[in-house]
Participant: 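For reference, the structure I am asking about is given below.
So you know, we letter chains A, B, ... as the sequences are listed, proteins then strands, and number each from 1.
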Protein chains: 2
Amino acid sequence: MSTGLDDIDRKVLTCLMRDGRATYAEIGQEVDLSAPAAKRRVDRLRAEGVIQGFTAVIDPSVVGWVTEAYVEVYCSGKVSPTQLRRQFQAVPEVISACTISGSADAMLHLVAEEVQDLERAIGLVRNEDNIEQTRSAIVLSRLFDRPVGPRGRSEG
Amino acid sequence: MSTGLDDIDRKVLTCLMRDGRATYAEIGQEVDLSAPAAKRRVDRLRAEGVIQGFTAVIDPSVVGWVTEAYVEVYCSGKVSPTQLRRQFQAVPEVISACTISGSADAMLHLVAEEVQDLERAIGLVRNEDNIEQTRSAIVLSRLFDRPVGPRGRSEG
DNA sequence: GTTGAAAAGTGAACTCG
DNA sequence: CGAGTTCACTTTTCAAC
């Protein structure tokens with residue numbers, strides 16, 4: 001599986017992350033390629049799984065998914081990532097889960113419409129034998145969000 | 001400014017979040033509307049800011065943005081959200097920032113290519129007068145991620 | 001990269017509550 | 001009038017070469 005991206009591929013990705021509905025002619029213009037050539041790039045990137053899909057970016061506050069929380073999870077005994085994935089995925093409010101370094105074992109990101117939905121979801125997470133405790137932080141206000149993308153690293 | 005979404009609007013959003021490059025004919029088919037009518041819906045949702053844009057979903061591991069961390073930030077004295085936004089936004093590795101409830105004041109989500117990039121970025125964050133301490137958790141393995149969208153709430 | 005047929009986008013005139 | 005539809009016309013897609 002050689003997913004070696006060349007410079008043109010990276011530019012194509014940048015272009016599509018900025019505007020997921022860009023036409024192939026527009027993409028081609030940015031990378032000095034004809035529209036069909038640009039399309040072949042995009043098709044290949046999709047086939048390789050580099051581009052997993054396209055999506056609309058929605059203002060969460062308008063749609064009513066406004067309540068968020070970050071939850072640290074402390075587990076007891078041995079914890080298999082597979083097992084954790086399965087039980088966290090069962091809670092629909094959990095939109096992201098990962099294992100982390102430090103005293104906690106996992107970090108969850110939850111999104112819901114109401115605080116009580118969060119409460120219930122966190123209750124479900126805690127309600128498993130292998131979960132020892134959780135430490136939740138409700139999001140008061142989101143300062144900003146930006147897409148992951150090719151971007152300069154900080155200098156310091 | 002009444003941004004009241006009706007049932008059709010929500011279906012349009014769901015459709016575009018599942019496939020950001022869906023044609024207007026496809027969208028129309030899902031909501032029993034003609035293609036031009038579907039386009040007018042989408043145009044209105046964009047104009048209202050409900051749809052903020054379209055983007056490609058990229059596999060981060062392929063592109064090399066593999067190292068992630070969650071960082072709790074403890075501030076001293078009065079903290080203006082505007083000020084916090086400005087100083088966190090200055091660090092390119094910070095892809096998401098919010099104020100939170102609990103003992104910490106803010107939660108940051110960082111993504112970088114290498115652990116030392118994270119280290120440098122966290123150093124930059126700490127290097128402000130109003131930052132008292134930080135508490136970082138490096139992401140060991142991402143268990144799953146899923147888009148925010150209209151979705152069932154957990155029952156419990 | 002180029003070409004051409006098929007598909008999608010887009011504005012205008014029209015219709016219905 | 002706001003919202004949907006059909007209809008012409010342009011642009012884009014996409015599978016040849």
Participant: Rounded off to whole Å, could you give me the CG-to-P distance for the B:D9 and D:dG2 pair?
Facilitator: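 It works out to 16 Å between those atoms.
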Participant: What is the separation between atom CD on A:E26 and atom P on D:dT11, rounded to the nearest whole Å?
Facilitator: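 Nearest whole value for this atom pair: 13 Å.
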Participant: Is B:R41 salt-bridged to B:D6, going by a charged N under 4.0 Å from an acidic O?
Facilitator: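 So B:R41 pairs with B:D6 through a salt bridge.
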Participant: Please figure out whether A:R21 or A:R40 has its closest DNA chain C nucleotide nearer the 5' end.
Facilitator: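 The 5'-side residue here is A:R40.
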Participant: Can you tell me the distance, in whole Å, between the CG atom of B:D43 and the P atom of D:dG2?
Facilitator: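 Taking atom P of D:dG2 as the reference, CG of B:D43 is at 16 Å.
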Participant: Where each residue is assigned the nucleotide of DNA chain C containing its nearest heavy atom, which of A:A37 and B:P36 is assigned the position nearer the 5′ end?
Facilitator: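 The residue whose closest nucleotide sits nearer the 5' end is A:A37.
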Participant: Check whether any side-chain N or O of A:R120 sits under 3.5 Å from a backbone N or O of B:S154 as a donor-acceptor pair, and report yes or no.
Facilitator: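 A pair under 3.5 Å: yes.
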Participant: Tell me which one of B:V125, B:I122, B:L110 satisfies side-chain contact (heavy atoms from CB on, under 4.5 Å) with B:S136.
Facilitator: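 It is B:I122, the one option of B:V125, B:I122, B:L110 that forms the side-chain contact (heavy atoms from CB on, under 4.5 Å) with B:S136.
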Participant: Could you state the atom-to-atom distance from CZ of B:R41 to P of C:dG9 in whole Å?
Facilitator: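 After rounding, the reported distance stands at 18 Å.
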Participant: Round to a whole Å and report the spacing from CD1 of B:I8 to P of D:dG2.
Facilitator: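 Those two atoms, CD1 and P, are 17 Å apart.
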Participant: Rounded to the nearest angstrom, tell me the gap between atom OH in A:Y24 and atom C1' in C:dA6.
Facilitator: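 Rounding to the nearest Å, OH of A:Y24 and C1' of C:dA6 are 16 Å apart.
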Participant: Tell me the interatomic distance from B:L33, atom CG, to D:dT5, atom C1', rounded to whole angstroms.
Facilitator: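 Interatomic distance, CG of B:L33 to C1' of D:dT5: 10 Å.
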Participant: Could you state the CD-C1' distance from B:E48 to D:dG2, rounded to the nearest angstrom?
Facilitator: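 Rounded to whole Å, this separation is 14 Å.
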Participant: Per the side-chain contact (heavy atoms from CB on, under 4.5 Å) rule, which among B:D19, B:T14, B:V12 passes with B:L16?
Facilitator: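 Of all the options given, the one that passes is B:V12.
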Participant: Is A:K39 near enough to D:dT13 that one of its side-chain N or O atoms lies under 4.0 angstrom from OP1 or OP2?
Facilitator: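 Looking at the OP1 and OP2 atoms of D:dT13, neither is under 4.0 Å from any side-chain N or O of A:K39.
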Participant: Within the structure shown, what part of the strands sits under 4.0 Å from B:S34 by heavy-atom distance: base, sugar-phosphate, or nothing?
Facilitator: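 Base: the residue B:S34, judged by heavy atoms under 4.0 Å, touches a nucleobase.
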